[in-house]
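Whatever order the structure lists them in is the order used to number ligands and atoms, beginning at 1. We're numbering straight along the sequence, starting at 1.
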Amino acid sequence: MKHIFEKYEPVIGLEIHVQLATASKAYSADATDYGAMPNTQVSPVSLGHPGTLPKVNEKVIEYAVKLGLACNCTIREHNEYARKNYFYADLPKGYQITQDTTPICTGGHVEIKDVDGNPKKIGLTRIHMEEDSGKSIHDIDPFNTLVDLNRAGTPLLEIVSEPDFKNGVEAYNYLSEMRKLVRYLEISDGNMEEGSLRCDVNVSIKPIGREKFGTKVEVKNLNSFRNVQKAIDYEIKRQYEVLEGGGTVVQQTMNFEAASGKTVLLRAKEDAHDYRYFPEPDLQPVLVKQAYIDDVRSQMPPLPKELYEKYRQLKLNDYDASLLTESKEIALYFEQIIEHTQNYKAAANWMMGAIKSYLNDQAIAIDEFPIKPATIAALIKMVEAGDVSNSAASGELFRKLIEEPDADPRKLAEVNNLIQESDSDALQVLIKQALAKYPDKVEQYKAGKKGLMGLFVGEVMKLSRGKADPKITNKLLQEQLEK
Ligand code: ADP
Ligand code: MG
C-alpha cells in the first residue's frame, strides 16, 4: 500500500450506531432485553398503531449528554425530533423517530493513536438520538424472511465523525476507543457481535496536495473492528486502481463480504433514499438545560483518558497505563490497590501479571476475582520488606489466598513456611554447607571464575527450600568467598 500513499491521500469518515443499555425503549415502555423470544417486547406504541403516542425516555437524553460530555461536544438546548420515512418489513411504523437538523451533540473530538502510536484527534460532526428498526432474519426459514420486532424502538446514538481518518488502523483504534468510552460510561455494552455497536465507513482518495475531496463510497455491513480496517484498506486499493486505470470513482453504497475480504456494490446513488424528513408531530421538543448538563457532569465516572494521565503521572509507562485503563473494572481494582500502597509499579505488575493470568485461565472478569485489593497491597508490602520473595508471593501464596481470600496473608505465609530466610546466622550455616559441597569450585572462583556465583546462590536457595533472600545470600556469599 505504500506506493498508494506516496501519490494519494485517503479521506475517511465513520458513522457509528451505539445501542443504548436502557431498560425500556426510546419512545415506549417496552423492554429491550437481548435474546428474548421473538416479538414478545412489542406494544402497540412500538408498532405505531393509530391512537398511540410516543413518549421520550429520559435515560436516552442522559446517556447522550454523558457521551457528548466525554467527547468534548457542545450540548444543544433545544432538541427537536423528526420522522425519517422509508418502507421496510422490519420497520413497523414506516418511519424512524430521529433527530435531523438539531442533533443533541455537535463538535467535540476523540483522541486516538495513529499508525505510529502518536496521539491524534478525530473530530465529531454530530451525535444524535434515534431508534432502531426490528430484525429481518433470512437464515432460519429457507423460503421466508422472518421478522422479529423486539429491537424496533430500541434507543440508538448515531455518532458521525469528521472525515479525519487516513487509514484502516486509525479507524480500528477509534472504534476501540469509542467502545471503551461507552463501557466506562455504562451507556452501552459495546458488543459488536450482538449489534450494540455498528459502523459504516465512508472512503475516498485524492491526489496529495489537492484540497477538494474525492467521491466517497460508503461501506456497510461491517461486523468486527478487523473487518472495518480490512474494508477501508480494500477500498483505498480499489479506488487507487480505478483512478490509475483512467476511470472515475462512482458514488455508491457497498457491502463488505467478510469471506472474500472484498467490497461489492449494494446500491448506486440513483437508488438513494429520499427519507422525506419532517418534524415529529407527536413529540414536544426537549429542552436540555445547563443545570441538567451540570448535574449529569457531576455524576460522570472517571474516564479512561483521565486515568491514563493519572497513571503516567505516577510514573507508569505508556504500556502499563494503557493496559490498566483498557477496562473500567480493571482500572477501578487498580485504584483500590493503590489506596493502600505507593508502589505503583508493583501494583501494575500484580494486575498485569498474576491477577490477569488468573482471570484469563479461569475465563472470569475482575468482579469475580476473590482476593481483595487491600490484600494485594499487603502482599506488595511483604515483598518490599523482604518477608517473602516475589516469586513465593505471586506463586504459592497467591494460590493459597485464592482458596482462602479472607485469610491474613502474613499468617498464611507463616503457616505455609514461605517467610523468607533473611536471618544471617541461619543463612551463614547454609552458605558454609553449600561451599563445603564444592571445594574445587571455590578454588576456581577465587582464581577469577566469578561466574560460579550463580551456582553457589542456587545451592543456598536449594538448601533453604527457596526461602533465602537472594540479595542477602549474594552479599553474604561474596563476603565469605573474599575472606
Ligand atoms: P451523507 O450525506 O452521504 O450521509 P455526510 O456528509 O453526512 O454524507 O457524511 C457521512 C460521513 O462521510 C461522515 O462521517 C463524513 O465525515 C464522511 N465523508 C463526507 N465526505 C467524505 C468524502 N469525500 N470522503 C470520505 N468520507 C467523507
Ligand atoms: Mg449523513
Going by the 4.0 angstrom heavy-atom rule, the piece of E218 near ligand 1 is neither
Taken in chain and number order and not counting sequence neighbours, the residues that satisfy salt bridge (charged side-chain N to carboxylate O under 4.0 Å, His left out) with E309 are K305
Within 4.0 Å of some non-hydrogen atom of S204, the atoms of ligand 1 are 22 (C), 23 (N), 24 (N), 25 (C)
Sub-6.0 Å ring centroid separation between F334 and Y311
yes
| said: I'd like to check whether P163 has a polar contact with ligand 1, where a contact means an N/O of the residue lying under 3.5 Å from an N/O of the ligand. | reply: yes
Near G214 (heavy-atom distance under 4.0 Å), the atoms of ligand 1 are 23 (N)
Interatomic distance, CD1@I236 vs OG@S204, rounded to 0.5 Å, equals 9.5 Å
In short, salt bridge (charged side-chain N to carboxylate O under 4.0 Å, His left out) pairs touching residues 116-129 with sequence neighbours left out are K120-E170
| said: Below 3.5 Å, N or O to N or O, backbone or side chain included: is there any such pair between N202 and ligand 1? | reply: yes
Note to self: If the threshold is 4.0 Å, N to carboxylate O, is there a salt bridge linking D90 and K135?
What the structure shows: no
Logged contact type for T215 with ligand 1, heavy-atom cut-off 4.0 Å, is neither
Checking heavy atoms under 4.0 Å, the part of V11 that sits near ligand 1 is both
